[in-house]
There are 2 protein chains.
Amino acid sequence: MTPSAPVPRMTRQRREILDALDTRDFRSAQAWHERLRSEGSTVGLATVYRGLQSLAEQGEVDAVVAESGETLYRRCEAGDEHHHHLRCRICGRAVEIDVPEFEAFAHRIASEHDYGDIRHTIELTGICPQCRAASER
Amino acid sequence: MTPSAPVPRMTRQRREILDALDTRDFRSAQAWHERLRSEGSTVGLATVYRGLQSLAEQGEVDAVVAESGETLYRRCEAGDEHHHHLRCRICGRAVEIDVPEFEAFAHRIASEHDYGDIRHTIELTGICPQCRAASER
DNA sequence: GTCTTATTGCTAATGATTCTCAATTGCAGT
DNA sequence: ACTGCAATTGAGAATCATTAGCAATAAGAC
């Protein structure tokens, strides 16, 4: 029925992207691209965008939309399903948190209003200790 | 100290924007602009952007960043401080909800990680009953 | 009414992301 | 290892939302 998505292939560049995704920080596709180039890779920007997108679909990376509208990516913790983040608005450093209470709450609210196919996003942002110290002087 | 922001003036176009913001739906700046034009207004797109932005700063309108990256605006309920939404991913229709438990939770998590100047966003999206019905046939 | 300056409306400029398409290259089968 | 072919890549053009630049207007104070 479904047009059946093409079979993914493991290419050099896809491997490189995966390898680059090591830190715990959220970065934009452009930032990851720069990092790759600076490390000698020759991947194209478009490829990085495509790669990150498909990885996000497979659940390999987390994607969040910053207030500026740009999408930030980061490799996900192991295979855990669902979680949220406390992210630094300045350096991007993020901590994974989970809000078990909320999962239930979301569904209650949703069914109260008769909304279906619920999805939720919780974004907690702040200034991390390091950046705070830096900006205070 | 602060460069003291200019004194805002009530212009025809600002009034029109305020007037247009009547429905309970989230719409993009472009969408609000179209609506205004279709109702005979001659406001420019940039003016709508500027107007919505300043209104958002004053807390007169809510602004949320959709997954697509575009910013959606809607007039706020009276002057209540802080709240969240359950928004339909198809038609944009939204319900204001509040999550008192969460406000406290957010601060606890934040201080646990020593993050300052906390800000949070909770976005609940789903498909509203009307759109669900529509897409089911 | 006059003046000062915030505001408007174009339009051009940005910035991020996506698309186009020819050139590559996994990889299944032989 | 060799072929065939669809998936993938890379570079640049194309989109899209949003912002900046600037001359022309028009609030609001006097």
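- Separating the CH2 atom of B:W32 from the P atom of D:dA17 is a distance of 17 Å, rounded to the nearest angstrom.
- Within 4.0 Å of A:R50, counting heavy atoms only, lies at least one base atom of the nucleic acid.
- Checking the phosphate oxygens (OP1, OP2) of D:dT19, no side-chain nitrogen or oxygen of B:Y49 falls inside 4.0 Å.
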Show your reasoning for whether side chain to side chain contact (heavy atoms under 4.5 Å, CB included) applies to B:L21 and B:L52. CA-CA 10 Å; B:L21 290 163; B:L52 289 171; 4.2 Å; yes

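- Taking atom CG on A:L55 and atom P on D:dT8, their separation rounds to 12 Å, with Å as the unit.
- Within the structure, every side-chain polar atom (N or O) of B:S28 is placed at least 4.0 Å from both OP1 and OP2 of D:dA17.
- To the nearest angstrom, P of C:dT17 lies 13 Å from CD of A:E34.
- With rounding to whole Å, A:R15 atom CZ is found 13 Å from D:dT8 atom P.
- Under the 3.5 Å distance criterion, the side-chain polar atoms of B:W32 are left unmatched by any main-chain donor or acceptor of B:V48.
- Annotation for A:I17 and A:G51: closest pair CD1-CA, 4.2 Å, computed over non-hydrogen atoms.
- Taking atom NE2 of residue B:H33 and atom P of nucleotide D:dT18, one finds them 13 Å apart after rounding to whole Å.
- In this model, the phosphate group of C:dA6 is not approached by any side-chain N or O of B:T11 to a distance below 4.0 Å at OP1 or OP2.
- Among the protein residues, A:S68 comes within range of no part of the nucleic acid, since none of its heavy atoms lies under 4.0 Å from any strand.
- When the C1' atom of D:dT9 is taken as reference, atom CZ of A:R12 falls 9 Å away, rounded to whole Å.
- When heavy atoms are screened at a 4.0 angstrom cut-off, B:Q53 is found touching the sugar-phosphate backbone but no base atom.
- B:R37 has its CZ atom 11 Å from the C1' atom of C:dC10, to the nearest Å.
- Between the CG atom of A:L52 and the P atom of D:dT9 there is a distance of 12 Å, given to the nearest Å.
- Among all heavy-atom pairs drawn from B:E16 and B:V43, the shortest one is OE1-CG1, 4.0 Å.
- If you check D:dT18, C:dT17, C:dT11 against the side chain of B:E70, the one that comes closest is D:dT18.
- Here D:dT8 is the nucleotide among D:dT8, C:dT17, C:dG9 with the atom lying nearest to any side-chain atom of A:R9.
- An OP1 or OP2 oxygen of D:dG10 is reached within less than 4.0 angstrom by a side-chain nitrogen or oxygen of A:Q13.
- Closest to the side chain of B:Q30, from the set C:dC27, C:dT4, D:dT18, is D:dT18.
- For A:R14 against C:dG26, no side-chain N or O and base N or O form a donor-acceptor pair under 3.5 Å.
- Side-chain atoms of A:R74 do not come within 3.5 Å of backbone N or O of A:V64 as any donor-acceptor pair.
- The phosphate of D:dT8 (OP1 or OP2) has no side-chain N or O of A:T47 nearer than 4.0 angstrom.
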